[in-house]
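Just below is one structure, and these are the notes that go with it.
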Amino acid sequence: MNRRHGMESKLGVGGGTVSIEAQNNLDKAEDLCRRRKPAKALPFLLKAMEDGNNLDAFVQAAFLFPLPEALKALENAEAKGKEGLKQRLGATCFDDGSKEVGKFYSILETRPYMRVLQAQVRLYFEASQFGKSSDTMIEMLRLCPGDNMSQRTWLGSMLLSAGRPADALSFVKQWLAHNRRQTPPRGGTIFQTPTSDCLSSEHEQALFKRADGSMLHTAALACFRLWGDCPVARQYLRLAAHANPTILTKILAKIDKPRGLNNNPRGFNSPEEAQDYLWLTQNLWMDPVVWEWANNDVDAKKELLKSCSNVNCDAIEQNVTQFKRCAACKEAVYCTQECQKSHWKAHKPTCKQQKQLKDMVRAYQKGKPIPDGAHMASADFANGMSFINWA
């Protein structure tokens, strides 16, 4: 959760471990960076960094530096944050079996430290240090198995990039486990040797109804890396294409890899989530052997072919990305401009609502006023308390 919307907005950054002056300077710097004015942000960042507990200021500063210096700054911030937590929570707070491990992030004082690790994950990836990025996420999931920082959609991709397909498959299988009722131990990072057994029909049907498309794509690619063109790899590929068809569509269409993450509001298995997955993993899928395997799977490709959104038209794509998407909502697709024009009256209310929803969430995320008549709420839980924020 954005610290400006959660409990830290009321109790202070890290539960009050950062001075109000340093927090205000950080807010000003972040706003200027968001508006792409880093030179104007720097003086505020330097003032914010005078408070040694203000780890978020070191994170923001790191993204203004070249990669080697940025990583060094984050590693220094990590060491500083670790020492500070040991002083506040106790010398054993990072040890397995302590009352803190497994509850990081839900302890408010640990959140700035966890954000430092999250920044390291990204910059290690950008520096092609995939092993270090993976190990940092594994540590984050040890400290917070419930994954409040949403690392589970990244770790499988990073393990693949690090040349660890067996661990990648073990990880995603734990999160995709049939009838899972609890968080996997250590957030799924107790890796086990996977098998090439196919999913049961019951498990396959459950994943067909609802499953994370990014994880399913990771499972398919990991299986192919381990065992080649095998039944379980094809099984996962079909499920992946069904869950989030945008991912495989862009791969097979050889669309250029995204230049960065998508910071817009998103839904489950949305195009925004697809962009983030492709930013992390598309290079692996464009390996000629992998691409040919995916492109030759007829059943998976059938999941990608869309029907025209005009209810009075029964046209279905013959090739991937043949139809054009509505430019406003990115949801509806049409076989021709004529179909789009004739369907506009029926589509307009849904299209407008979808766009307004995304605009509202985007404004909320940036701390801007949301449109009149609209309402949003977010919930945060930490230190045995709950906080509801209405906007």
Side-chain angles (χ1 to χ4, degrees), residues 125 153-154 156-157 160-161 168 172 207-208 211-225 228-229 233-310 313-340 343 347 351 354-355 358:
F125 168 74
T153 56
W154 280 49
S157 295
L160 285 172
S161 295
V172 296
L207 294 177
F208 188 83
D212 185 280
S214 297
M215 287 191 171
L216 289 169
H217 279 85
T218 293
L221 182 52
C223 287
F224 182 74
R225 284 282 182 87
D229 182 17
R234 293 193 295 272
Q235 192 176 30
Y236 275 121
L237 186 63
R238 290 193 296 272
L239 289 167
H242 174 77
N244 194 334
T246 303
I247 294 174
L248 194 57
T249 295
K250 289 182 178 292
I251 290 168
L252 297 186
K254 296 187 176 180
I255 304 296
D256 289 342
K257 174 186 171 180
R259 295 181 179 180
L261 294 169
N262 191 313
N263 296 316
N264 290 328
R266 74 268 318 279
F268 185 61
N269 285 332
S270 61
E272 292 80 13
E273 287 194 346
Q275 177 173 328
D276 288 356
Y277 179 82
L278 290 168
W279 183 69
L280 289 168
T281 325
Q282 186 167 339
N283 287 346
L284 302 179
W285 284 91
M286 300 316 294
D287 178 296
V289 176
V290 175
W291 189 91
E292 285 292 339
W293 166 68
N295 189 52
N296 289 332
D297 193 310
V298 176
D299 291 331
K301 289 178 74 172
K302 285 180 180 177
E303 296 289 346
L304 309 180
L305 301 178
K306 300 181 181 298
S307 301
C308 181
S309 296
N310 188 338
C313 177
D314 57 1
I316 299 175
E317 287 181 321
Q318 299 301 306
N319 300 300
V320 175
T321 69
Q322 178 183 345
F323 295 169
K324 302 300 182 184
R325 289 191 300 172
C326 171
C329 69
K330 313 294 185 186
E331 301 287 340
V333 295
Y334 297 97
C335 60
T336 62
Q337 286 187 348
E338 289 72 20
C339 260
Q340 184 175 13
H343 191 240
H347 175 58
C351 183
Q354 186 73 12
K355 187 176 183 302
K358 289 188 176 183

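In this text the structure is predicted, and so the values were computed from the model without any measurement. Keep in mind that the numbers below use all heavy atoms, side chains included, and drop hydrogens, waters and symmetry copies.
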Sequence neighbours excluded, which residues qualify as side chain to side chain contact (heavy atoms under 4.5 Å, CB included) partners of Ser214?
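Result, side chain to side chain contact (heavy atoms under 4.5 Å, CB included) vs Ser214: Asp212, Ile247, Tyr277.
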
Non-hydrogen atoms of [X] and [Y] that approach each other most closely:
{"X": "Leu304", "Y": "Val320", "answer": "CD1-CG2, 4.1 Å"}
{"X": "Leu207", "Y": "Ala211", "answer": "O-CB, 3.4 Å"}
{"X": "Ala241", "Y": "Ala300", "answer": "CB-O, 3.5 Å"}
{"X": "Asn269", "Y": "Gly213", "answer": "OD1-N, 2.7 Å"}
{"X": "Cys223", "Y": "Tyr236", "answer": "SG-CD1, 3.8 Å"}
{"X": "Gln282", "Y": "Asp256", "answer": "NE2-C, 3.9 Å"}

Sequence neighbours excluded, which residues qualify as ring-ring contact (aromatic ring centres under 6.0 Å, His included) partners of Phe125?
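Partners of Phe125 under the ring-ring contact (aromatic ring centres under 6.0 Å, His included) test: Phe130, Trp279.
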
Quick check for you: to the nearest 0.5 Å, what is the distance between [X] atom [atom1] and [Y] atom [atom2]?
{"X": "Ser157", "Y": "Met215", "atom1": "OG", "atom2": "CE", "result": "9.5 Å"}
{"X": "Leu237", "Y": "Leu216", "atom1": "CG", "atom2": "CG", "result": "10.0 Å"}
{"X": "Arg325", "Y": "Ser309", "atom1": "CZ", "atom2": "OG", "result": "11.5 Å"}

For the pair Ser307 (side chain) and Ile316 (backbone), establish whether a donor and an acceptor sit closer than 3.5 Å, ignoring hydrogens and angles.
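Not at all, since once roles are kept as given, no pair shorter than 3.5 Å links the two residues.
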
Salt bridge (charged side-chain N to carboxylate O under 4.0 Å, His left out) partners of Asp299, counting only residues at least two apart
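Scan of Asp299 (salt bridge (charged side-chain N to carboxylate O under 4.0 Å, His left out), adjacent residues dropped) gives none.
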
Salt bridge (charged side-chain N to carboxylate O under 4.0 Å, His left out) contacts in which one or both residues fall within residues 270-287, not counting sequence neighbours
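Matches after skipping sequence neighbours: Arg266-Asp276, Glu272-Lys358.
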
By side-chain hydrogen bond (donor to acceptor under 3.5 Å, both in side chains), which residues pair with [X], not counting sequence neighbours?
{"X": "Asn283", "value": "none"}
{"X": "Asp297", "value": "none"}
{"X": "Lys306", "value": "none"}

With no hydrogens and no angle check, just 3.5 Å: does a side-chain donor-acceptor pair link Asn296 and Lys301?
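On atom types as modelled, these side chains do not qualify, holding no pair under 3.5 Å.
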
Filter on side chain to side chain donor-acceptor pair (under 3.5 Å), then keep only pairs touching residues 237-253, sequence neighbours left out; what's left?
His242-Glu303

Among residues two or more places apart or on two chains, list those pairs meeting ring-ring contact (aromatic ring centres under 6.0 Å, His included) that have a residue in residues 251-272.
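Counting only pairs at least two positions apart or across chains, no ring-ring contact (aromatic ring centres under 6.0 Å, His included) contact touches residues 251-272.
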
Pairs satisfying ring-ring contact (aromatic ring centres under 6.0 Å, His included), at least one member in residues 284-306, at least two apart:
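Passing the test, one end in residues 284-306: His217-Trp285, Phe224-Trp293.
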
